[in-house]
Amino acid sequence: MQPIYEGKAKRLWTTDDPSTLRMEFKNDATAFNGEKKASFENKGRLNNAISTLIYQYLEKTGIPTHFVRQIDETNVEVKKVEILMVEVIIRNVSAGSYCKRTGMEEGIPFSQPVIEFSYKSDALGDPLINDDYIREMKLATPEDMAFLRESALKVNAILSGFFAEVGLKLVDFKLEFGRLASDPAQIVLADEISPDGCRLWDLKTGEKMDKDRFRRDLGNVMEAYEEVLKRLKARLETNG
Ligand code: TMP
Ligand code: ASP
């Protein structure tokens, strides 16, 4: 069997049900638009476990997502969607490309979340775009954009609280959305939510617990992901 899509960290496969797909988490890691590459044993398992816990939690709080069920350690079943070519980034604290772009030092909390959009194009390196670009490029309608903003802010509020309860600051993260194949009028949260696409800092020590450990050669990359999973699991076992 051939995957119908292969990305840098995941593969998508068809299932017996034409309305769902199997999403496989790979052990591969890339950074800087694929320039830096590595493979980490257990990364697929850890990201699948973390993303599954988060998606189940979001579904419980009423956020519509593509998530159907976990199949096994490295696979989930998801509703088939047409991914919007707009990546939504939410920032609560200055870091990463925000600092590069503005010269601001890392770690400055924002008065309100900062939302950015980028054009999902590996060939162009996911450039920053705005609502006007998105409308003219016909990536999404102004109504879709209002929905994406509102959903992203809701997800940010929910996940900031969720991570704070396990001693982690949600510094920033990237979301992707898709139109359901079965009902294209409905847009749902898609892709994964894991330390690959989030910045998570330990609230006590400030330690980075995400893919910046790989991007910046800080070492103990999988140990940090394992710790994030351990804390989320413990939180869910005690509070449901
Ligand atoms: P940035 O500071 O590099 O723009 O990243 C902001 C957040 O978005 C960070 O948590 C990592 C995530 N992200 C992705 O998931 N994929 C990407 O391709 C990029 C550039 C960032
Ligand atoms: N995910 C992107 C890449 O693979 C960028 C990043 O996360 O740093 O290159």
Legend entry - Separation between CG of L229 and CG of L46, rounded to the nearest 0.5 Å: 6.0 Å
Inset, instruction - Might you point out which heavy atoms bring P109 and G107 nearest each other, and give the distance in Å? - result: CD-O, 3.4 Å
Legend entry - Short N-O contact, D217 and K36, less than 4.0 angstrom: yes
Inset, instruction - Using distance alone, with no hydrogens and no angle criterion, decide if T20 and T15 have a side-chain donor and acceptor under 3.5 Å apart. - result: yes
Inset, instruction - Verify the neighbour count for atom NZ of K8: are there more than 12 heavy atoms of other residues, nucleotides or ligands below 6.0 Å? - result: yes
Inset, instruction - Flag yes if more than 12 heavy atoms outside K26 fall under 6.0 Å of its NZ atom; otherwise flag no. - result: yes
Inset, instruction - Give every residue pair that meets the ring pair (Phe, Tyr, Trp, His ring centres under 6.0 Å) criterion with at least one member in residues 127-160, sequence neighbours excluded. - result: none
Inset, instruction - With sequence neighbours left out, write down each residue that passes side chain to side chain donor-acceptor pair (under 3.5 Å) with E24, or none if nothing qualifies. - result: R11, W13
Inset, instruction - Decide, yes or no, whether a salt bridge links E77 with R22 under the criterion of side-chain N to carboxylate O below 4.0 Å. - result: no
Inset, instruction - Following the transitive rule for hydrophobic clusters with a side-chain heavy-atom cut-off under 4.5 Å over Ile, Leu, Val, Met, Phe, Trp and Tyr, establish whether L128 and M145 coincide in one cluster. - result: no
Inset, instruction - For the pair D126 and K120, find out whether any cationic side-chain nitrogen is under 4.0 Å from an anionic carboxylate oxygen. - result: no
Legend entry - Rounded distance [0.5 Å steps], CE in M137 versus OH in Y119: 4.5 Å
Legend entry - Members besides L218 in its Ile/Leu/Val/Met/Phe/Trp/Tyr cluster (side-chain heavy atoms under 4.5 Å): none
Inset, instruction - Could I get the full list of salt bridge (charged side-chain N to carboxylate O under 4.0 Å, His left out) partners for E226, not counting sequence neighbours? - result: R45
Legend entry - Donor-acceptor side-chain pairing of D17 and S19 below 3.5 angstrom: yes
Inset, instruction - Hey, could you give me each pair passing ring pair (Phe, Tyr, Trp, His ring centres under 6.0 Å) that has a residue in residues 180-218? Not counting sequence neighbours. - result: F40-F214
Legend entry - Side-chain H-bond candidate by donor/acceptor type, E106 with S94, under 3.5 Å: no
Inset, instruction - Using a strict 4.0 Å threshold on nitrogen-to-oxygen distance, state whether D144 and R179 make a salt bridge. - result: yes
Inset, instruction - Determine, stepwise, if the pair K80 / L180 fulfils side-chain contact (heavy atoms from CB on, under 4.5 Å). - result: CA-CA 6 Å; K80 192 171 177 176; L180 282 183; over 6 Å; no
Legend entry - Path from V78 to I50 over hydrophobic side-chain contacts below 4.5 Å: yes
Legend entry - Name of the residue among T74, V228, D196 meeting side chain to side chain contact (heavy atoms under 4.5 Å, CB included) with N47: D196
Inset, instruction - Could you tell me whether E41 atom CD has more than 12 heavy atoms of other residues or ligands within 6.0 Å of it? - result: no
Legend entry - Any donor-acceptor N/O pair, D210 side chain to S194 backbone, under 3.5 Å: no
Inset, instruction - Could you state whether V76 and V188 fall into the same hydrophobic cluster, counting links through intermediate Ile, Leu, Val, Met, Phe, Trp or Tyr residues with side-chain heavy atoms under 4.5 angstrom apart? - result: yes
Inset, instruction - Indicate yes or no for a side-chain donor-acceptor contact from D72 to the backbone of N75 under 3.5 Å, with no hydrogens or angles considered. - result: yes
Legend entry - Test side chain to side chain contact (heavy atoms under 4.5 Å, CB included) applied to I4 - qualifying residues, sequence neighbours left out: L12, T14, L21
Legend entry - Value rounded to 0.5 Å, distance of CD in E192 from NZ in K10: 3.5 Å
For residues 27-34, which side-chain donor-acceptor pairs fall under 3.5 Å, sequence neighbours excluded?
residue, atom, partner, partner atom, Å
N27, OD1, K43, N, 3.2
N27, OD1, G44, N, 2.8
N33, ND2, D122, O, 3.0

Legend entry - With sequence neighbours excluded, residues passing salt bridge (charged side-chain N to carboxylate O under 4.0 Å, His left out) with D131: R149
Inset, instruction - Check I54 against I193 and note the closest heavy-atom contact, atom names and distance. - result: CD1-O, 3.7 Å
Hey, can you pull the donor-acceptor pairs under 3.5 Å for the side chains in residues 81-93, sequence neighbours left out?
residue, atom, partner, partner atom, Å
R91, NE, E116, OE2, 2.7
R91, NH1, A95, O, 3.3
R91, NH1, D172, OD2, 3.4
R91, NH2, S97, OG, 2.9
R91, NH2, E116, OE1, 3.1
R91, NH2, E116, OE2, 3.3
N92, OD1, N156, ND2, 3.0
N92, ND2, N156, OD1, 2.8
N92, ND2, L170, O, 2.9

Legend entry - Shortest non-hydrogen contact between F25 and S51, atoms and distance: CZ-CB, 4.0 Å
Legend entry - Remaining members of the apolar cluster that contains M104, side-chain heavy atoms under 4.5 Å: Y98, I108, F110, V114
Legend entry - Heavy-atom pair with the smallest gap, counting every atom of H66 and D191: NE2-O, 3.0 Å
Legend entry - Check against side-chain contact (heavy atoms from CB on, under 4.5 Å), R199 and D212: CA-CA 7 Å; R199 284 196 175 89; D212 268 351; 2.6 Å; yes
Legend entry - Inter-residue atom distance L200.CG - R213.CZ, 0.5 Å rounding: 12.0 Å
Inset, instruction - State, to 0.1 Å, how close I129 and L139 come at their nearest heavy-atom pair, and which atoms those are. - result: CD1-CD1, 3.8 Å
Legend entry - Nearest-0.5 Å distance that lies between atom CE in M209 and atom OH in Y225: 11.0 Å
Inset, instruction - Tell me, with the steps shown, if E136 and K138 meet salt bridge (charged side-chain N to carboxylate O under 4.0 Å, His left out). - result: CA-CA 5 Å; E136 296 304 325; K138 298 192 175 13; 5.6 Å; no
Legend entry - Side-chain ion pair, E227 and R231, N-O less than 4.0 Å: yes
Legend entry - Separation of E150 CD from L153 CG (nearest 0.5 Å): 8.5 Å
Legend entry - Cluster check M23, Y5: I/L/V/M/F/W/Y, side chain < 4.5 angstrom: yes
Legend entry - Note, R135 side chain near D132 side chain (heavy atom, < 4.5 Å): yes
Inset, instruction - Using salt bridge (charged side-chain N to carboxylate O under 4.0 Å, His left out) as the criterion, list what pairs up with D16, not counting sequence neighbours. - result: none
Legend entry - V155: partners by side chain to side chain contact (heavy atoms under 4.5 Å, CB included), with sequence neighbours left out: L58, I63, L159, F173, L175, L189
